[in-house]
Amino acid sequence: CKILKCNSEFWASTSSSGPEEEFCTALRAYNNCVRRTARTCRGDLAYHSAQHGIEDLMSQNNCSKEGPTTQPRARTPAPPPQLQPDSQERSDGPEQCHYERSLHRQSSPPNYTHCGFFGD
Amino acid sequence: PHLRTFSDDFQTCKVEGAWPLIHNKYLSVQVTNTPVVPGSSATATSKLTIIFKNFQECVDQKMYHAETDELPAAFADGSKNGGDRHGANTLRIVEKVPGQQVEIHARYIGTTIVVRQVGRYLTFAVRMPEEVVNSVEDRDNQDLYLCLHGCPANQRIDFRTFRARAVEGHGLSRTGSPPHGFTYKAAMAKCKERLPVEDLYFQSCVFDLLSSGDVNFTMAAYYAFEDVKMLHSNKDKYHIYEKDAFGSNAAPR
């Protein structure tokens, strides 16, 4: 159950005070994160608290459930050396989600290997 | 089954039951192999499970599972991509031939996987950056991952012994006919139709026809080589040949 990761990402993304819309955006991202943990966190007290907490915060701040979401960056786990994230995002996903694109500035191109398993 | 490892070793293995092919920080692949003919040590793959692990802002954890006669064009949860994160489309499933060929593109780790059903069995092929291959979580427990280190010695089948027996006719039944319908010569001729170069793909085709009598294995070897052409990064290494007694590659005939 990775509910604590959702909590810490939410708090990291809201640590600096900003306009209310930004808070709603972060809250929606938090809600998405919590929903993704539903299967593994069933019965976990922190998970159920987060669920109720999000609902309360959404109504207190008049946030709609639909709308843009942010993906907090501050505390995402460090990627391996050649998968360094880039702050620039493209329409089909952040730079760090494109292995080859994220290597453009590396000195040598990656080596690819192959494995096959077939027959009897 | 026949295994071509990440380091281009070619082996024929027993590996009956569930065996892991790949396991690293980003994904795990496991196969289940069942005997092709009762009493024979030759097995083929009837189940395949791939788990793509949760990765940063890109993809949720996704599982792909295929079995004989069930080659879905979707992950186990019914989705075709990496979920609802920003980079979800950097993991996606593409159905190339319904029920026969599926490609999984995991761009966030520079990886492409091809899964096929040929006859009654599954085949697997992958292209993966070295960096991802070597991103192992526990170096002490990497021995069993077949794509990385090959099959354990006690699971390997000696091609040459098997072939020598076939040539001498040791495999013949009491009636004088081969047990599963192919003589060595007939198997050679059949495999030559699809695999004109007598490399290890050709040899594995001959082995499969002799051990199973199932002509579909000709196509398994053929498509395995097609996958090599699509996925291998070095054209000079597409074909690999049997090593001689001194460990060097035999010259192509």
Side-chain angles (χ1 to χ4, degrees), chain A residues 1-2 5-6 9 13 25 28-29 31-40 68-104 106 108-120, chain B residues 1-8 12 21-22 25 31 36 42-45 55-60 83-90 107-111 118 121 123-133 135 146-147 204-205 207-208 211-212 214 217 220-221 223-224 227-228 231-233:
Chain A
C1 172
K2 300 211 169 130
K5 185 170 170 283
C6 295
E9 283 179 353
S13 67
T25 304
R28 280 190 289 268
N31 193 34
N32 286 349
C33 183
V34 170
R35 271 175 28 213
R36 283 198 295 268
T37 68
R39 201 189 303 170
T40 49
T69 57
T70 54
Q71 292 284 332
R73 293 176 162 276
R75 299 195 188 175
T76 49
Q82 292 192 344
L83 296 174
Q84 289 300 333
D86 190 311
S87 59
Q88 185 191 4
E89 289 187 11
R90 303 196 187 191
S91 59
D92 52 349
E95 189 92 351
Q96 73 200 70
C97 299
H98 296 267
Y99 183 78
E100 290 185 352
R101 212 185 277 170
S102 71
L103 296 176
H104 280 174
Q106 302 290 325
S108 56
N111 290 324
Y112 284 95
T113 58
H114 163 78
C115 174
F117 196 70
F118 68 97
D120 87 21
Chain B
H2 309 286
L3 168 71
R4 179 171 183 159
T5 69
F6 284 130
S7 46
D8 289 327
T12 298
L21 290 183
I22 299 171
K25 278 185 186 169
V31 288
V36 173
T43 68
T45 302
F55 181 72
Q56 296 184 8
E57 297 172 32
C58 312
V59 298
D60 298 335
D84 53 8
R85 300 189 192 186
H86 286 186
N89 286 329
T90 57
R107 269 190 296 158
Y108 65 104
I109 47 171
T111 296
V118 188
Y121 300 101
T123 72
F124 169 84
V126 64
R127 170 187 169 90
M128 189 180 280
E130 253 175 20
E131 181 202 8
V132 174
V133 169
S135 69
L146 306 185
C147 279
S204 69
C205 170
F207 175 96
D208 289 358
S211 58
S212 71
D214 183 350
F217 283 116
Y223 284 124
D227 291 341
V228 168
L231 300 173
H232 203 290
S233 56

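Note on naming: letters A, B, ... go to the chains in the order of the sequence lines (proteins, then strands), and numbering restarts at 1 for each one.
Within the 4.5 angstrom heavy-atom criterion, no atom of B:V118 approaches chain A. At a 4.5 Å heavy-atom cutoff, the contact between B:V36 and chain A is made by side-chain atoms alone. Heavy atoms closer than 4.5 Å to chain A are found nowhere in B:I22, neither backbone nor side chain. Contact annotation for B:D60: only side-chain heavy atoms (C-beta onward) come within less than 4.5 Å of a heavy atom of chain A. Using a 4.5 Å cut-off between heavy atoms, B:T43 contacts chain A through its backbone alone, with no side-chain atom that close.
In terms of heavy-atom proximity, B:A220 sits nearest to A:F118 at O-CD1, 3.8 Å. A:G119 and B:A44 make their closest contact through O-CB, 3.5 Å (heavy atoms, listed as atom of the first residue, atom of the second, distance). In this structure, A:Y112 and B:R127 approach most closely via the heavy-atom pair CD1-NH2, 3.2 Å. Nearest heavy atoms, B:L3 versus A:C115: CD1-SG, 3.9 Å. When all heavy atoms of A:F117 and B:P1 are compared, the pair lying nearest together is CZ-CG, 3.5 Å. The two residues B:G87 and A:P94 make their nearest non-hydrogen contact at N-CD, 3.7 Å.
A distance-only check finds no donor-acceptor pair linking the side chain of A:H114 to the backbone of B:F6 [under 3.5 Å].
The line from OH of A:Y99 to CD1 of B:I109 is 9.5 Å long, rounded to the nearest 0.5 Å.
Per-residue heavy-atom pair counts under 4.5 Å with chain A were compared for B:V228, B:L231, B:T123, B:D208, and the maximum is reached by B:D208.
Residues B:F207 and A:D120 meet the side-chain proximity criterion, which asks for heavy atoms closer than 4.5 Å. In this structure the side chain of A:Q96 reaches within 4.5 angstrom of the side chain of B:C58, judged on heavy atoms. Looking at heavy atoms from C-beta onward, A:T113 lies out of side-chain contact with B:S7 at the 4.5 angstrom threshold.
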